[in-house]
Each structure stands twice: as structure tokens, then as C-alpha cells.
Peer 1: 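Questions regarding the structure given below will be posed in turn.
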Amino acid sequence: MSATTVARKRGKPATGARVGAAAGKRRRKADSAGDKGKTKGGGKMNEEISSDSENESQTPRRTEEEEEGELEETAQEKKLRLAKLYLEQLRQQEEEKAEALEFQEDQVAGRLKEDVLEQRGRLQKSVAKEIQAPAPADIRILRGHQLSITCLVITPDDLTIFSAAKDCTIIKWSVESGRKLHVIPRAKKGAEGQSPGHSSHVLCMAISSDGKYLASGDRSKLILIWEAQSCRHLYTFTGHRDAVSGLAFRRGTHQLYSTSHDRSVKVWNVAENSYVETLFGHQDAVAALDALGRECCVTAGGRDGTVRVWKIPEESQLVFYGHQGSIDSIQLINEEHMVSGADDGSVALWGLSKKRPLALQREAHGLRGEPGLEQAFWVSSVAALLNTDLVATGSHSSCVRLWQCGEGFRRLDHLCDIPLVGFINSLKFSSTGDFLVAGVGQEHRLGRWWRIKEARNSVCIIPLRRTSRPAAVGS
């Protein structure tokens with residue numbers, strides 16, 4: 001038997017077959033190696049691909065998770081945010097309410113304090129230092145009277161001015177335009193059928209605090225009552241035995257006080273067109289009168305050298321001494337203090353609890369005349385801005401002077417001069433203190449001792465500007 005046959009019988013391949021098998025084996029190994037190499041290479045490629053694919057597949061998965069987390073977190077945060085916002089709003093509202101309540105309480109407390117101080121006459125708003133002296137070009141001059149201005153008043157709304165003069169006329173002016181709104185002409189004595197008016201020098205005027213009534217008094221002993229809006233004549237009060245020199249309404253009422261050269265003070269009820277009572281006490285002709293809210297009035301006693309405070313219900317009076325000359329003008333600063341001027345050139349500040357002046361400024365407008373024969377300029381008018389420390393005085397010294405009342409009204413400090421040529425016969429501050437009105441004439445309102453030819457018989461509106469807001473203090 002051949003070897004091949006034996007090998008086949010024994011199950012072993014033949015040599016040729018062995019070689020072929022070996023070759024096939026080698027091919028399979030090579031293929032296997034190639035496959036392995038391919039697998040390795042493919043593995044690398046697959047790793048790279050799988051890495052990319054994993055990133056691609058995992059990235060959206062993470063994004064979705066993150067988005068879900070973000071959505072869940074945003075909802076929670078939104079709830080928290082809204083809750084915090086709501087709480088913050090509540091807190092802010094409560095703070096605002098608390099601040100508003102505190103501010104309101106402060107305002108109410110401040111107003112109550114001011115009201116109490118005002119009622120006690122101790123309210124003093126510091127405005128004098130803030131006043132700026134106006135330029136001469138800023139002064140507005142209103143001309144209409146033929147003779148010297150004797151008196152004027154400003155309506156409570158500061159929109160109109162009433163002026164009267166020795167020409168016996170009364171003119172109503174517009175503050176804004178400076179135009180005449182109405183003229184009450186002179187009435188001829190003994191003429192019948194003419195419109196009511198004054199037939200002699202008008203010496204004084206007063207207007208009620210509600211602006212309804214205007215009162216005017218003249219040398220013919222008459223007091224005429226007018227409707228302020230229409231200038232229609234309403235009543236005529238008679239009873240004084242000499243020239244009516246002072247008029248004042250009690251604030252908040254229609255009670256009218258009048259004084260005269262007959263040395264008396266009379267009380268009238270204008271709304272009821274009635275006379276109330278007469279008070280006596282002065283020893284000479286009374287030159288001026290003023291009143292505020294209390295049921296009392298103050299008078300300047302002229303040559304008897306006294307200032308008097310009349311307590312109407314008690315029918316009593318307080319007598320004050322201080323000036324050396326004739327006291328021709330007076331005005332209340334508040335319920336407890338007043339200012340007066342005299343022909344000895346002095347200006348005095350008074351407190352109702354002291355019988356002597358708290359402050360006395362002598363030669364307030366300087367001296368005139370030749371050396372060795374100097375005399376003080378007469379103080380012909382005074383004015384005070386209500387419940388403040390600002391005072392104005394007038395003379396024929398070619399200027400209006402502004403003064404500041406020191407603390408406790410114990411000092412009078414000069415602030416500035418406002419140039420005006422002529423006799424300053426009347427001065428009035430507006431209720432807001434925005435302007436000062438001066439009645440200027442060539443002659444003194446009570447006589448003809450001098451005549452200043454270069455002066456103009458006019459109403460002058462002097463603007464007063466402030467550098468800052470005033471502060472109120474109690475004195």
C-alpha cells in the first residue's frame with residue numbers, strides 16, 4: 001500500500017495535501033492577521049467614529065437632561081423669584097406707607113406747631129436774609145393820581161391794588177398788567193344825583209380778609225364801604241367827629257375798627273351795617289391803626305407819644321411809651337409783636353408783654369439839614385411781612401429801607417435801600433412776600449410841610465426775590 005493510502009487510512013493528509021493545507025492555513029492566518037489588522041485599524045476608526053458618534057449621541061442626551069433640569073429649575077426659580085418679588089413689593093409698600101405716614105405726621109406736627117406759634121404770636125419765618133435788593137429798573141411805576149398817594153391796600157389774592165390820594169379818588173389796579181381796572185371819582189360837595197365817592201382827602205383804607213369789603217375813610221369824618229369786586233358803594237358810616245385816620249378789619253371776620261383825630265376808636269359790623277361801640281383813651285389825634293385775628297387792635301397815638309393795645313371784649317387798653325416824637329405809623333408783625341415809626345426818625349419794635357420797646361432804631365433814615373442843625377428824616381410809613389422777620393420803612397430820604405428783626409425781636413438790622421424819590425406815605429407787603437407796594441407822593445399824607453417837585457405821585461410795585469426757601473422758627 002502506498003504511503004498515501006496509509007495516511008488516508010490513518011486520517012492524516014498526504015504530503016501534497018499537507019502542503020496545500022499548510023498553504024491554506026497560512027492564507028487563513030494571513031487573512032486572520034489581515035482581519036485582525038483590519039479589526040485593529042477598523043477598531044481605531046471605530047473608536048474615533050464611535051467617539052464622535054458617542055459625543056453626537058450623548059450631547060443631545062445631556063442637553064435634553066440639562067434642558068429638563070433647566071426647565072424644572074426655572075419653574076422653581078420663577079416661583080421663588082415671584083415670591084421674593086412679592087415680598088419685596090410688600091416690604092417697599094410698607095416702607096413707603098411708613099415714610100408717607102411719618103412725613104404726614106411731620107407735616108401735621110409742623111403745621112400744628114406753626115398754628116400754635118402763630119396763635120401765640122411767636123411764629124417767625126426767617127426770610128429777611130434771603131431777600132435780594134431789586135434793581136431800579138425792575139420797579140414798576142403806576143401813574144393815575146393827580147395828587148400825593150395817601151394810602152393803599154392789596155387784595156388777599158395779591159392780584160389787585162387799591163390806592164387813594166389827596167385828589168379824593170380811589171383807583172383799582174391790576175398787579176399783573178399795571179392797568180386801571182376801576183376808578184372811583186371824586187364826589188362834589190352838595191351835588192345831588194352823582195355817584196358816591198369822597199369829597200375830601202382819603203386818609204386810610206382797609207380790605208377784609210376774604211376780599212369782599214373795602215373800607216375807606218376821609219377828612220370829612222366819613223367811612224365808605226364798597227364791594228371790592230365791583231367797586232359798588234354799599235354803606236356809609238358816620239359817627240366820628242373829626243378826620244378818619246385809621247381803618248382795619250379783624251382777620252376772618254367783617255368786624256371793622258376805625259380811629260380818628262377825635263381821639264376815639266370805634267367798632268363796626270360791616271356785614272350787618274351796624275355800629276358796635278366806641279373806646280376812648282388817647283390824649284391827642286390818633287394817627288394810625290392795625291389789627292389781626294384777635295379781638296383787639298393797636299393804635300399809634302400821634303403827638304401823645306403812646307402806642308395802645310385795645311382789648312375789645314374787656315373794654316380795656318395797654319399803654320406803651322418809647323418814641324420821643326409823634327407816632328404816625330404802626331403795624332402788627334404777629335399777634336404779639338408790632339413795629340412803629342415816628343417823626344423823630346425812630347423805628348421801634350414792641351412786644352405786648354413789655355411797656356417799653358424791645359428794640360429802638362434812632363435816625364432810621366439818617367439826618368438832613370445843615371451841619372449843626374441836622375434833623376432826622378421823619379418815618380412816614382412802616383410795613384411788616386406777617387409772621388416773618390422782614391420790616392420795611394418809608395420816609396422822604398429818597399429810599400425805602402428793609403430791615404431784619406433779630407432773634408426775639410430785640411434787634412433791628414439794616415438790610416438794603418430801595419431808591420424811591422418822594423414821600424413814602426404807605427407801604428404794604430403782598431401776602432406771599434413776592435413784592436412790596438409803595439404809595440409815593442410829593443407831599444406828606446397828613447400835611448404840606450415840604451414839597452418834593454421831582455417826585456412822582458405814583459404807586460410803585462417793588463419785586464422781592466429770595467435766594468432760598470424760608471424756614472419757620474419759634475421765638
Side-chain angles (χ1 to χ4, degrees), residues 149-165 168-175 180-187 195-240 243-260 264-279 288-299 310 312 331-332 383 386 426 428-432 437 439 459:
I149 311 295
T150 56
C151 55
L152 54 84
V153 292
I154 307 173
T155 55
D157 56 11
D158 292 341
L159 296 179
T160 54
I161 299 168
F162 288 93
S163 63
C168 311
T169 63
I170 298 174
I171 299 179
K172 182 179 182 181
W173 306 87
S174 168
V175 173
K180 298 178 185 178
L181 300 178
H182 194 92
V183 177
I184 301 175
R186 176 179 182 173
S195 58
H198 292 281
S199 58
S200 60
H201 297 176
V202 184
L203 298 181
C204 53
M205 286 195 298
I207 192 165
S208 59
S209 56
D210 60 359
K212 185 176 181 180
Y213 296 111
L214 174 73
S216 56
D218 62 17
R219 283 193 177 276
S220 299
K221 317 170 191 178
L222 301 178
I223 300 172
L224 273 59
I225 307 299
W226 312 86
E227 187 182 67
Q229 181 64 31
S230 62
C231 295
R232 181 171 60 91
H233 177 256
L234 299 177
Y235 319 116
T236 298
F237 291 161
T238 59
H240 282 293
V244 180
S245 55
L247 291 168
F249 278 94
R250 181 187 173 193
R251 293 187 71 190
T253 72
H254 294 144
Q255 191 174 56
L256 178 67
Y257 305 116
S258 66
T259 193
S260 167
S264 69
V265 175
K266 291 184 182 292
V267 185
W268 315 83
N269 189 322
V270 174
E272 297 178 2
N273 187 21
S274 62
Y275 159 79
V276 179
E277 62 179 319
T278 301
L279 305 172
L289 175 145
D290 194 25
L292 285 178
R294 292 183 181 177
E295 199 170 357
C296 67
C297 62
V298 297
T299 54
W310 302 83
I312 307 300
Q331 186 166 358
L332 284 161
L386 187 62
S426 184
K428 287 289 184 295
F429 282 100
S430 65
S431 59
T432 58
V437 182
V459 174

Peer 1: For Trp226, enumerate each residue passing the ring-ring contact (aromatic ring centres under 6.0 Å, His included) test, keeping only those at least two apart in sequence or located in another chain.
Peer 2: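 Residues passing ring-ring contact (aromatic ring centres under 6.0 Å, His included) with Trp226: His233.
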
Peer 1: Tell me, with the steps shown, if Tyr257 and Asp290 meet side chain to side chain contact (heavy atoms under 4.5 Å, CB included).
Peer 2: CA-CA 8 Å; Tyr257 305 116; Asp290 194 25; over 6 Å; no

Peer 1: As an exercise, state the distance from OG of Ser258 to NZ of Lys266, rounded to the nearest 0.5 Å.
Peer 2: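 Ser258 atom OG to Lys266 atom NZ measures 7.0 Å (nearest 0.5 Å).
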
Peer 1: Answer yes or no: is there a side-chain heavy-atom contact under 4.5 Å between Gln255 and Trp268?
Peer 2: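 Answer no - side chains too far apart.
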
Peer 1: Counting only N and O atoms by type, is there a donor-acceptor contact under 3.5 Å from the side chain of Thr236 to the main-chain atoms of Leu224?
Peer 2: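 The answer is no, because no donor-acceptor pair under 3.5 Å joins these two groups.
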
Peer 1: Do Ile223 and Tyr235 pass the side chain to side chain contact (heavy atoms under 4.5 Å, CB included) test, and can you show the C-alpha distance, the side-chain angles, and the key distance before you say yes or no?
Peer 2: CA-CA 8 Å; Ile223 300 172; Tyr235 319 116; over 6 Å; no

Peer 1: Just by distance, with hydrogens left out, do His201 and Thr150 show a side-chain donor and acceptor under 3.5 Å apart?
Peer 2: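 Result is no, nothing qualifies.
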
Peer 1: Between Trp310 and Thr299, what is the shortest heavy-atom contact and its length?
Peer 2: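 Shortest heavy-atom separation between Trp310 and Thr299 comes out as NE1-OG1, 2.8 Å.
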
Peer 1: Can you find a pair of side-chain heavy atoms, one from Val175 and one from Leu159, that are under 4.5 Å apart?
Peer 2: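 Result no, sub-4.5 Å side-chain heavy-atom pair not found.
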
Peer 1: Determine, stepwise, if the pair Met205 / Ile170 fulfils side chain to side chain contact (heavy atoms under 4.5 Å, CB included).
Peer 2: CA-CA 10 Å; Met205 286 195 298; Ile170 298 174; 4.2 Å; yes

Peer 1: For the atom pair OG (Ser264) and NE2 (His240), what is the distance rounded to the nearest 0.5 Å?
Peer 2: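 The distance works out to 5.0 Å.
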
Peer 1: Let me confirm one number: the NE2-CG distance from His198 to Leu222, rounded to the nearest 0.5 Å.
Peer 2: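 Atom-to-atom, His198:NE2 and Leu222:CG are 8.0 Å apart.
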
Peer 1: Tell me the closest heavy-atom pair linking Ser260 and Ala243, and the distance in Å.
Peer 2: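 Looking at all heavy atoms of both residues, the shortest contact is OG-O, 2.8 Å.
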
Peer 1: What closest approach, in Å, do Ala228 and Gly211 show between heavy atoms, and which atom pair accounts for it?
Peer 2: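 That would be CB-O, 3.3 Å.
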
Peer 1: Please give me the minimum heavy-atom distance between Pro156 and Ile207, naming the atom from each residue.
Peer 2: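 Smallest heavy-atom distance, with atoms named: CD-CD1, 4.3 Å.
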
Peer 1: Kindly indicate whether the side chain of Ile225, heavy atoms from C-beta on, has any atom under 4.5 Å from the side chain of Leu256.
Peer 2: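 Side chain of Ile225 against side chain of Leu256, heavy atoms only: contact under 4.5 Å found.
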
Peer 1: Using a 3.5 Å distance criterion without hydrogens, assess whether the side chain of Thr259 forms a donor-acceptor pair with backbone atoms of Gly246.
Peer 2: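 The answer is no, because no donor-acceptor pair under 3.5 Å joins these two groups.
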
Peer 1: Would you indicate whether the side-chain heavy atoms of Ile149 and Ser426 approach each other to under 4.5 Å?
Peer 2: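 With C-beta onward as the side chain, the pair stays apart.
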
Peer 1: Contact between Ile312 and Leu279 at the side-chain level, heavy atoms closer than 4.5 Å - yes or no?
Peer 2: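 Yes, their side chains come closer than 4.5 Å.
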
Peer 1: Write down the atom of Ser195, the atom of Pro185, and the distance for their closest heavy-atom approach.
Peer 2: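 For Ser195 and Pro185, the tightest heavy-atom pair comes out as OG-CG, 4.2 Å.
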
Peer 1: Find the distance between SG (Cys168) and CZ (Arg186) and round it off to the nearest 0.5 Å.
Peer 2: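 Those atoms lie 4.0 Å apart.
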
Peer 1: Could you tell me which residues satisfy side chain to side chain donor-acceptor pair (under 3.5 Å) with Asp210, sequence neighbours excluded, listed by chain and number?
Peer 2: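 With sequence neighbours excluded, Asp210 shows a side chain to side chain donor-acceptor pair (under 3.5 Å) to Ser208, His254, given in chain and number order.
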
Peer 1: List the steps, then state whether side chain to side chain contact (heavy atoms under 4.5 Å, CB included) holds for Val244 with Leu203.
Peer 2: CA-CA 7 Å; Val244 180; Leu203 298 181; over 6 Å; no

Peer 1: Does Thr160 offer a backbone N or O that forms a donor-acceptor pair with the side chain of Thr155 under 3.5 Å?
Peer 2: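 The answer is yes, because a donor-acceptor pair under 3.5 Å joins these two groups.
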
Peer 1: Taking it one step at a time, do Asp158 and Ser431 satisfy side-chain hydrogen bond (donor to acceptor under 3.5 Å, both in side chains)?
Peer 2: CA-CA 7 Å; Asp158 292 341; Ser431 59; 2.8 Å; yes

Peer 1: What distance separates Lys172 NZ from Gln229 CD, expressed to the nearest 0.5 Å?
Peer 2: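 One finds 4.5 Å between NZ of Lys172 and CD of Gln229.
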
Peer 1: For Ile171, run the side chain to side chain contact (heavy atoms under 4.5 Å, CB included) check against Ile184, Leu152, Val183 and tell me which one passes.
Peer 2: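 Answer to the side chain to side chain contact (heavy atoms under 4.5 Å, CB included) test with Ile171 among Ile184, Leu152, Val183: Val183.
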
Peer 1: For a 4.5 angstrom cut-off between non-hydrogen side-chain atoms, does Ile154 reach Phe429?
Peer 2: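 Side-chain contact under 4.5 Å: no.
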
Peer 1: Hey, what do you get for CZ (Arg250) to SG (Cys297), rounding to the nearest 0.5 Å?
Peer 2: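 Separation between the atoms: 11.0 Å.
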
Peer 1: Evaluate the side-chain proximity of Leu386 to Leu292: yes if any heavy-atom separation is below 4.5 Å, no if none is.
Peer 2: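 Yes - at least one pair of side-chain heavy atoms lies under 4.5 Å apart.
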
Peer 1: Please report the shortest heavy-atom distance between Leu247 and Leu289, naming the atom on each side.
Peer 2: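 Nearest heavy atoms, Leu247 then Leu289: C-CD2, 3.8 Å.
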
